[in-house]
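Accompanying notes for the structure given below.
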2 protein chains.
Amino acid sequence: MARSNTLKYIILGLLTRKPLTGYDIKQTFDKEKAEFWTAPFSQIYPELNRMLNNDLISLLPTSDTNTRKKTYQLTAHGREVFQNWLQLPLAASESTLDNDNFILRLHFLGHTDPTFLKNLLALRVKTLNLEITQLEFELTEVVNHPEQYGRELIIKKELANKKSDVKLWKKELK
Amino acid sequence: MARSNTLKYIILGLLTRKPLTGYDIKQTFDKEKAEFWTAPFSQIYPELNRMLNNDLISLLPTSDTNTRKKTYQLTAHGREVFQNWLQLPLAASESTLDNDNFILRLHFLGHTDPTFLKNLLALRVKTLNLEITQLEFELTEVVNHPEQYGRELIIKKELANKKSDVKLWKKELK
DNA sequence: TCGACCATGTAAACTGTTACATGATTGT
DNA sequence: ACAATCATGTAACAGTTTACATGGTCGA
């Protein structure tokens with residue numbers, strides 16, 4: 001996922017909830033990473049400084065002067081950039097939504113915006129159905145090749161996963 | 001998956017089937033990528049030259065001198081390196097096998113080595129069960145946080161996927 | 001002859017990982 | 001006093017993507 005600057009948007013997303021330090025952000029990654037993402041300090045701290053320079057975040061003023069701790073909060077600009085990024089996949093007509101971009105956005109949603117959630121789920125279901133059609137086709141091709149038995153198992157796994165996802169999101173859309 | 005030099009092993013794996021050019025390898029990626037992997041020419045060609053220098057592959061002698069086409073085949077050394085890489089996750093006791101490393105190895109298996117396939121599947125099932133336990137726990141935590149509704153959905157999706165995988169691999173183990 | 005596809009590469013920029021470096025705070 | 005954890009960073013390296021560059025072959 002090069003060039004998409006994912007880390008920046010994850011940090012923005014985490015800061016929409018509450019102000020955090022770089023250390024807090026790393027803790028959150030370690031706790032939630034299984035379904036999500038991870039990044040080392042050496043990536044987080046430089047990114048925070050870049051974001052500070054770009055006016056996406058600002059230092060939370062603190063009376064505690066004798067500590068090196070830096071707590072960051074979103075600026076108005078940062079909040080706007082994050083909202084635009086959230087909406088991005090829904091902007092283009094005829095668009096699709098891959099799993100990473102879907103998961104990334106879903107992660108930050110609560111119960112507050114059910115319409116947006118439904119749009120996101122609907123677009124993902126549409127994309128999944130396209131992928132399922134393609135995989136069904138690939139399966140018919142590979143069954144004649146016993147030397148690609150491993151690949152056949154992978155396709156079956158992917159099909160089962162995607163069908164399970166469609167079922168889950170459709171349930172949520174009701 | 002940095003540092004693990006995945007591309008090298010994928011190329012070795014593809015060449016176990018038959019000799020290929022860099023262009024052929026790219027074609028294979030494009031065709032099989034959905035369940036698998038992708039890489040641009042700018043990554044493939046330099047990698048092939050590195051592998052040639054390391055005696056993992058060699059140029060297939062061809063009478064066709066007036067073409068720039070380069071067809072590569074595995075050397076004995078390359079074949080050995082690939083076999084060692086395949087077995088790697090099974091070597092350590094108390095090891096686990098993440099999805100990427102599992103899929104990567106599974107992709108190259110045919111019907112020829114059912115024992116190895118079963119060992120691989122068994123290790124993956126073991127790992128999946130550990131991950132499922134962890135996700136069940138995270139789910140009990142997140143249900144009290146309506147502001148993390150999106151994350152709750154992600155955990156549910158991951159749980160459904162992993163349980164589906166366990167079912168599929170256990171069926172294959174019988 | 002012209003466009004699609006075959007065929008191989010280099011350069012620059014970006015993303016991500018590992019190793020290294022430093023020092024403060026908190027609990028036992 | 002000592003260990004664990006809090007807290008912030010730099011440097012070097014590895015992997016990946018995008019843009020650029022070049023030329024051959026084959027069918028309509």
Side-chain angles (χ1 to χ4, degrees), chain A residues 1-12 14-15 18-31 33 36-54 56-60 62-73 85 98 100-101 104, chain B residues 1-12 14-15 18-31 33 36-54 56-60 62-73 85 98 100-101 104:
Chain A
M1 233 193 283
R3 300 270 167 126
S4 61
N5 222 336
T6 311
L7 182 59
K8 183 173 93 178
Y9 294 106
I10 294 175
I11 291 175
L12 288 176
L14 292 175
L15 291 177
K18 61 171 180 230
L20 297 167
T21 66
Y23 194 87
D24 294 334
I25 288 167
K26 172 68 171 154
Q27 298 304 102
T28 311
F29 277 138
D30 289 348
K31 211 180 142 204
K33 80 175 150 45
F36 188 37
W37 204 265
T38 184
F41 284 127
S42 61
Q43 211 185 348
I44 292 168
Y45 289 123
E47 186 62 46
L48 284 170
N49 285 320
R50 260 194 303 279
M51 290 168 74
L52 195 61
N53 287 331
N54 295 339
L56 294 166
I57 57 179
S58 62
L59 276 168
L60 191 74
T62 170
S63 49
D64 209 354
T65 50
N66 60 339
T67 176
R68 287 178 311 147
K69 195 154 101 166
K70 294 173 168 183
T71 305
Y72 295 98
Q73 62 187 343
W85 171 82
D98 65 62
D100 278 0
N101 276 304
L104 227 45
Chain B
M1 231 192 282
R3 299 270 167 125
S4 61
N5 221 334
T6 311
L7 182 60
K8 182 171 93 179
Y9 294 106
I10 295 175
I11 291 175
L12 287 176
L14 292 176
L15 290 178
K18 62 171 178 231
L20 297 168
T21 66
Y23 194 88
D24 294 334
I25 288 167
K26 171 69 171 155
Q27 296 305 99
T28 310
F29 278 139
D30 288 348
K31 212 180 140 206
K33 80 174 152 42
F36 188 37
W37 205 265
T38 185
F41 285 127
S42 61
Q43 210 185 348
I44 292 169
Y45 289 123
E47 185 64 46
L48 284 170
N49 285 321
R50 259 193 304 279
M51 291 167 75
L52 195 61
N53 287 330
N54 296 338
L56 294 164
I57 57 179
S58 62
L59 277 168
L60 191 73
T62 170
S63 49
D64 209 355
T65 52
N66 61 341
T67 175
R68 286 180 311 148
K69 196 154 103 165
K70 293 173 169 184
T71 304
Y72 296 98
Q73 61 187 342
W85 172 82
D98 65 64
D100 277 0
N101 276 303
L104 227 45

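- Residues that satisfy the side chain to side chain contact (heavy atoms under 4.5 Å, CB included) test with Asp24(A), not counting sequence neighbours, are Leu20(A), Thr21(A).
- Looking at heavy atoms from C-beta onward, Tyr72(B) lies out of side-chain contact with Leu14(B) at the 4.5 angstrom threshold.
- Residue Leu48(A) contributes atom CG, which lies 15 Å from atom C1' of dT10(D) at whole-angstrom precision.
- We find that CD of Glu47(A) is positioned 10 Å from C1' of dT15(C), with the value rounded to whole Å.
- Among residues two or more places apart in sequence or in another chain, the salt bridge (Lys or Arg N to Asp or Glu O under 4.0 Å) test is passed with Lys70(A) by none.
- Residues Leu104(B) and Tyr9(B) form no side-chain contact, since every pair of their non-hydrogen atoms from C-beta on lies 4.5 Å or further apart.
- Note: NZ (Lys8(A)) to P (dG16(C)) measures 13 Å, nearest angstrom.
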Reading nucleotides 3-13 of chain C from 5' to 3' and marking B where a protein heavy atom lies under 4.0 Å of the base, S where only the sugar-phosphate is that close, and - otherwise, the string is ---BBBBBB-B

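- To the nearest angstrom, C1' of dA14(D) lies 14 Å from OH of Tyr9(B).
- Residues forming a salt bridge (Lys or Arg N to Asp or Glu O under 4.0 Å) with Lys26(A) (at least two apart in sequence, or on another chain): Asp30(A).
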Side-chain donor-acceptor pairs under 3.5 Å in residues 41-53 of chain A, sequence neighbours left out?
residue  : atom : partner  : partner atom : Å
Glu47(A) : OE1  : Arg50(A) : NH2          : 2.8
Asn49(A) : ND2  : Tyr45(A) : O            : 3.4
Asn53(A) : ND2  : Asn49(A) : O            : 3.3

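- Between the CG atom of Leu60(A) and the C1' atom of dA7(D) there is a distance of 16 Å, given to the nearest Å.
- Here the C1' atom of nucleotide dT8(D) and the CG atom of Leu52(A) are 14 Å apart, to the nearest Å.
- The interatomic distance linking Arg50(A) (CZ) with dG16(C) (P) rounds to 11 Å, in whole Å.
- Here dC6(D) presents its P atom at 14 Å from CG of Leu20(A), a figure rounded to the nearest Å.
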